[in-house]
J.: 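Mind having a look at this structure? Questions to follow.
As a basis for the values below, the full set of heavy atoms in this structure was taken, side chains included, without hydrogen atoms, waters or symmetry mates.
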Amino acid sequence: MFKRLLPLVLMLLAGCAAKPEFQRPSLLQTQHQRTGVFFTTETRPLTVSPWDIRYQNIGFEQDPKLLNYLALFEQEIAKLPPAVLHLSGLDKVAFVRALSVGPQPRAAVPDYIHEVLYYDVDAPGDAYLRHVVHHEFYHMLEQQLYGSAYYKDPLWHSMNPEGFVYGNGGAYARDSSVSVFSHPHPGFVNGYAMSGLEEDKAEIWAIIWAQQSWQAVEALVEIDSILQAKIRLLTAQVQCQAPEMANAWPDYIQRYLTALPACEFVNTIRAAPAAVEGS
């Protein structure tokens, strides 16, 4: 599914934008032709501009948690057409332990500068891990689609209830309760989605692809026209850039897809009165 992981030597380059490179563990010496993404467990902690990403290597290649994460990661990423993986710019996936940004623990961290996704194998629960795989991947995709993972999409804003204002971002919504699918407000699957537009879009992307997440919110989506509209917009936005998605969307969301050609639908939304862009 992916290219053979080539030997890579970590080099710390001068300056704040040092590019992290990775060694090759024998566990991951399998050929992955489908994506061209490198997988690794062996890195050296370093500060990567503009984030202080910290982590520990996985010392044992047959680690049960690593093997479990690898298996479910490959299952989830295989749902996406190669065109979308390439569109995301994703270059490397690093499986680590004790992942954090500065002192703040994280289950996963996207490094948009160097096109690396970091995943902590000790994050709890397979359903959660599958959700996180897609959530963090979408941040990488958003960066490539709009030039910023924090793009304040005016079309997305137009979907929200009048007067709604997002919070200060995911970095300020770290209580575990915010990730629970609770439907705290029309148009939102949980409190985390309300923390920032970028998190809202990533949560919608994740429920589309992580089947157990979808099962947890399906009843909410059925009664929430805003959630339906967000699914329709997000799928159309991505499919407009990657037409290969037309035959890739899961069966269980087909009823919420637009019947119009994707780009035509996006242009229709763009032509409609939109909410004022903001945070």
Side-chain angles (χ1 to χ4, degrees), residues 1-13 18-80 85 88-140 170-171 174 176 179 202 206 209-210 212:
M1 189 171 76
F2 303 94
K3 287 183 179 177
R4 184 178 299 275
L5 186 64
L6 302 175
L8 296 168
V9 179
L10 181 71
M11 299 178 65
L12 295 179
L13 305 179
K19 182 177 181 179
E21 296 185 11
F22 306 106
Q23 298 173 359
R24 179 191 64 186
S26 59
L27 171 67
L28 302 176
Q29 291 180 21
T30 57
Q31 197 163 18
H32 301 290
Q33 295 292 342
R34 201 176 80 87
T35 68
V37 178
F38 291 120
F39 283 68
T40 187
T41 61
E42 296 183 6
T43 69
R44 286 171 51 194
L46 75 167
T47 299
V48 180
S49 175
W51 306 282
D52 181 10
I53 301 176
R54 307 175 187 178
Y55 47 84
Q56 296 174 4
N57 291 335
I58 296 175
F60 179 49
E61 293 178 1
Q62 298 300 317
D63 185 299
K65 289 188 176 181
L66 170 61
L67 294 173
N68 180 64
Y69 212 145
L70 281 171
L72 69 83
F73 188 94
E74 292 198 27
Q75 291 167 7
E76 295 305 316
I77 213 71
K79 298 175 180 178
L80 306 178
L85 295 173
S88 75
L90 179 61
D91 183 46
K92 298 180 181 71
V93 175
F95 294 98
V96 298
R97 282 205 150 90
L99 180 63
S100 68
V101 175
Q104 189 180 82
R106 298 289 184 91
V109 177
D111 176 357
Y112 318 113
I113 303 301
H114 305 109
E115 308 295 357
V116 180
L117 279 174
Y118 295 87
Y119 290 96
D120 192 320
V121 301
D122 291 322
D126 284 5
Y128 176 72
L129 296 181
R130 291 178 189 277
H131 186 91
V132 167
V133 165
H134 294 291
H135 179 105
E136 300 304 333
F137 174 82
Y138 184 78
H139 285 315
M140 306 291 281
R174 306 313 303 173
S176 61
S179 65
W209 293 105
Q212 287 176 278

J.: Of the non-hydrogen atoms in P105 and P103, which two are nearest, and what is the gap between them?
T.: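 Closest heavy-atom pair between P105 and P103: CD-O, 3.2 Å.
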
J.: Is there side-chain contact between L99 and I53, with at least one heavy-atom pair below 4.5 Å?
T.: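 Yes - at least one pair of side-chain heavy atoms lies under 4.5 Å apart.
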
J.: Is it the case that more than 12 heavy atoms not belonging to Y112 sit under 6.0 Å from its OH atom?
T.: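 Yes - once you tally the heavy atoms of other residues, nucleotides and ligands closer than 6.0 Å, there are more than 12.
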
J.: Could you pull out all residues at least two apart from Y138 that satisfy side-chain hydrogen bond (donor to acceptor under 3.5 Å, both in side chains)?
T.: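 Testing Y138 for side-chain hydrogen bond (donor to acceptor under 3.5 Å, both in side chains), a comparison that skips the adjacent residues, returns E142.
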
J.: What distance separates I77 CD1 from L72 CG, expressed to the nearest 0.5 Å?
T.: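 Output value for this atom pair is 11.0 Å.
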
J.: Scan for salt bridge (charged side-chain N to carboxylate O under 4.0 Å, His left out) pairs involving residues 117-126, sequence neighbours excluded, and state none if there are none.
T.: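 Sorted result for residues 117-126: K65-D122, R97-D122.
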
J.: With a 4.5 Å heavy-atom cut-off, do V132 and Y69 have their side chains touching?
T.: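 Sidechains of Y69 and V132: in contact.
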
J.: Find the distance between CD1 (I58) and CZ (F95) and round it off to the nearest 0.5 Å.
T.: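 So the CD1 of I58 and the CZ of F95 are separated by 8.0 Å.
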
J.: Any idea which heavy atoms bring A206 and H131 closest together, and the distance?
T.: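 In this case the closest contact between A206 and H131 is CB-CE1, 3.3 Å.
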
J.: Taking side chain as C-beta onward, heavy atoms only, is L80 less than 4.5 Å from F137?
T.: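 They are in contact (side-chain heavy atoms under 4.5 Å apart), so the answer is yes.
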
J.: Identify, with sequence neighbours excluded, every residue that meets side chain to side chain contact (heavy atoms under 4.5 Å, CB included) alongside E76.
T.: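 Per chain and number, E76 pairs via side chain to side chain contact (heavy atoms under 4.5 Å, CB included) with K79, R130, V133, H134.
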
J.: Is the closest side-chain heavy-atom distance between F73 and L129 below 4.5 Å?
T.: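 No. Closest side-chain heavy atoms not under 4.5 Å.
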
J.: First locate atom CG of L85, then atom CE of M140, and finally report the distance between them rounded to the nearest 0.5 Å.
T.: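 So the CG of L85 and the CE of M140 are separated by 11.5 Å.
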
J.: Please enumerate all residues that pass ring-ring contact (aromatic ring centres under 6.0 Å, His included) together with H135, with sequence neighbours excluded.
T.: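 Partners of H135 by the ring-ring contact (aromatic ring centres under 6.0 Å, His included) criterion, ordered by chain and then number, come out as H139, Y192.
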
